[in-house]
Amino acid sequence: MTSSSDTINASAAGTWTLGDLTVNRIGFGAMRLTQDGAAFAQGPSSDRTRVLDLLRLALDLGVNHIDTAAFYFSPLRSANELINSALAPYADDLVITTKVGPGRDPSGAWTWATPEQLRGQVEENLRQLGRDHLDVVNLRIARSRTSESVADHFGALAELREAGLIRHLGLSNTSPEQLAEARSIAPVVCVQNMYSIDSPAEHHAFLRTCGEQGIAFVPFFAIAGAGQEGGATTADSESLLSVARTHGVTPAQVRLAWTLHQGPHVLAIPGTGNPDHLVENVATGTLRLSADDLALLAP
Ligand SMILES: NC(=O)c1ccc[n+]([C@@H]2O[C@H](COP(=O)([O-])OP(=O)(O)OC[C@H]3O[C@@H](n4cnc5c(N)ncnc54)[C@H](OP(=O)(O)O)[C@@H]3O)[C@@H](O)[C@H]2O)c1
């Protein structure tokens with residue numbers, strides 16, 4: 001595995017196409033940019049200069065797929081504003097994926113958009129990112145609603161796509177049934193769900209289903225695992241630690257690499273506010289797990 005930041009590049013794990021947009025399989029998640037080392041939306045606001053530098057470093061390392069949301073903000077920082085300030089004017093090959101459905105009012109309290117309110121959330125992202133269209137928009141479904149119809153919400157986003165405000169659509173925190181329903185309304189280019197080496201069997205099956213349909217599967221909490229919003233898990237099995245020792249890498253890198261080995265349609269969006277972790281995460285694209293490693297890691 002390469003260890004020098006001079007030679008690593010986010011393209012090392014290959015590329016995938018979201019509709020007509022090609023991205024390197026190792027991307028970046030912006031949720032951790034707005035506060036320091038604490039759970040989402042908690043803790044002190046991050047150092048602005050450090051985060052702007054981190055975003056520019058990500059692009060220098062070849063990252064061209066960033067996941068964000070208008071609701072990623074802390075009292076003093078907005079992930080979308082940071083992305084805009086660091087990266088605009090945007091490189092032609094940069095794909096910014098955002099998500100709508102949930103929202104937060106100025107006090108930070110959570111709300112959920114009605115279908116009619118989704119346009120306002122899309123426009124909020126456009127304003128903050130400084131764009132006239134959004135590359136990919138995921139409809140993020142509430143944890144309590146994964147068995148409900150998404151037709152009204154997804155239909156509203158499909159109309160915004162037809163109107164040119166959105167290039168491609170995806171779903172997040174979704175189920176196979178909702179994916180099938182959405183696909184009957186408009187093309188779906190990605191599914192962004194919680195997924196890691198610790199996930200239950202049905203999650204692995206859904207990942208494979210997406211691959212069979214040519215849809216990108218984009219895990220969140222691939223490193224955090226059961227730690228979820230709280231941060232990286234330390235609950236690593238002896239097998240995982242042993243594979244990490246064999247390759248001279250960290251358990252976090254094995255977790256990330258393992259997701260990438262689940263299929264060419266799996267895209268990584270690891271979240272970090274730490275430049276050293278960013279470099280390690282991008283370097284993970286060069287980590288090739290052997291058949292023996294994968295057998296040892298098999299869930
Ligand atoms: N659709 C959804 O509902 C949803 C939900 C959650 C997240 N997301 C998206 O998915 C992205 C990924 O999720 P996430 O950021 O919560 O989880 P993650 O990438 O699985 O893990 C992030 C945690 O791991 C740590 N970490 C990252 N790289 C590391 C490394 N190389 N070594 C050790 N620790 C490392 C981070 O801390 P440090 O900052 O200290 O590195 C942070 O605590 C988010 O940024 C967000 O864009 C989407």
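Heavy-atom basis, side chains included; hydrogens, waters and symmetry copies ignored.
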Is a salt bridge present between Arg255 and Asp236, judged by a nitrogen-to-oxygen distance below 4.0 Å? yes
What I want to find out is whether Asp36 reaches Arg50 closely enough, with some N-O distance under 4.0 Å, to be called a salt bridge. yes
Are [Y] and [X] connected into the same hydrophobic cluster when the rule is that any two of I, L, V, M, F, W, Y join if their side-chain heavy atoms are below 4.5 Å apart?
| X | Y | value |
| --- | --- | --- |
| Leu57 | Leu52 | yes |
| Val150 | Leu169 | yes |
| Val100 | Leu160 | yes |
| Leu76 | Leu55 | no |
| Leu256 | Leu278 | no |

Please report the shortest heavy-atom distance between [X] and [Y], naming the atom on each side.
| X | Y | answer |
| --- | --- | --- |
| Asp105 | Phe73 | O-CZ, 3.5 Å |
| Phe28 | Leu54 | CZ-CD2, 3.7 Å |
| Leu61 | Ile8 | CD2-CG1, 4.0 Å |
| Thr259 | Pro219 | CB-CG, 4.3 Å |
| Ala10 | Ile26 | CB-O, 3.5 Å |
| Ala257 | His261 | O-ND1, 2.8 Å |

Taking the side chain as C-beta and beyond, is there a heavy-atom pair between [X] and [Y] under 4.5 Å?
| X | Y | result |
| --- | --- | --- |
| Thr97 | Asn138 | yes |
| Val243 | Leu297 | yes |
| Ile141 | Gln178 | yes |
| Gln35 | Ser46 | no |
| His247 | Leu289 | yes |
| Ser85 | Arg48 | yes |

Keeping Asn193 on the side-chain end and Thr174 on the backbone end, is there a donor-acceptor pair under 3.5 Å? yes
Measure from the side-chain N and O atoms of Asp293 to the backbone N and O of Ser290, and report whether any donor-acceptor pair falls under 3.5 Å. yes
Tell me, with the steps shown, if Cys210 and His265 meet side-chain contact (heavy atoms from CB on, under 4.5 Å). CA-CA 8 Å; Cys210 289; His265 66 300; 4.2 Å; yes
Arg145 atom CZ, neighbour heavy-atom count above 12 within 6.0 Å: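 Counting other residues, nucleotides and ligands, CZ of Arg145 stays at 12 neighbours or fewer.
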Remaining members of the apolar cluster that contains Val218, side-chain heavy atoms under 4.5 Å: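 Listed partners: Trp16, Leu18, Leu21, Val23, Val95, Val136, Val189, Leu267, Ile269.
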Using atom types as modelled, flag every donor-acceptor pair under 3.5 Å from a side chain in residues 117-130 to any protein atom, sequence neighbours excluded.
unit_1, atom_1, unit_2, atom_2, d
Gln117, OE1, Thr114, N, 2.9
Gln117, OE1, Thr114, OG1, 3.4
Arg119, NE, Glu123, OE2, 3.0
Gln121, OE1, Gly101, N, 2.7
Gln121, NE2, Gly101, O, 3.4
Gln121, NE2, Pro102, O, 3.2
Asn125, OD1, Ala70, N, 3.4
Asn125, OD1, Asn80, ND2, 3.0
Asn125, OD1, Thr98, OG1, 2.7
Asn125, ND2, Gln121, O, 2.9
Gln128, OE1, Asn80, ND2, 2.9

Could you tell me which residues satisfy ring pair (Phe, Tyr, Trp, His ring centres under 6.0 Å) with His204, sequence neighbours excluded, listed by chain and number?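 Once residues adjacent in sequence are excluded, the partners of His204 under the ring pair (Phe, Tyr, Trp, His ring centres under 6.0 Å) criterion are Tyr195, Trp258.
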Criterion salt bridge (charged side-chain N to carboxylate O under 4.0 Å, His left out) on Arg167 and Asp20, from CA distance to verdict: CA-CA 9 Å; Arg167 191 100 151 238; Asp20 62 343; 3.2 Å; yes
Test Tyr72 against every option in Lys99, Arg32, Arg104 by the side chain to side chain donor-acceptor pair (under 3.5 Å) rule and name the one that passes.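 It is Lys99, the one option of Lys99, Arg32, Arg104 that forms the side chain to side chain donor-acceptor pair (under 3.5 Å) with Tyr72.
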Please report the C-alpha distance between Ile66 and Leu59 in whole Å, then the side-chain angles of each, then the deciding distance to 0.1 Å, and finally whether the side-chain contact (heavy atoms from CB on, under 4.5 Å) criterion is met. CA-CA 10 Å; Ile66 297 180; Leu59 262 68; 4.1 Å; yes
Take Gln213 and Leu179, measure what side-chain contact (heavy atoms from CB on, under 4.5 Å) needs, and give me the verdict at the end. CA-CA 11 Å; Gln213 297 176 356; Leu179 174 60; 3.6 Å; yes
Checking Arg77 against Leu33 for the side-chain contact (heavy atoms from CB on, under 4.5 Å) test, could you report, in this order, the C-alpha distance in whole Å, the side-chain angles of both residues, the deciding distance, and whether it holds? CA-CA 8 Å; Arg77 306 279 173 260; Leu33 294 181; over 6 Å; no
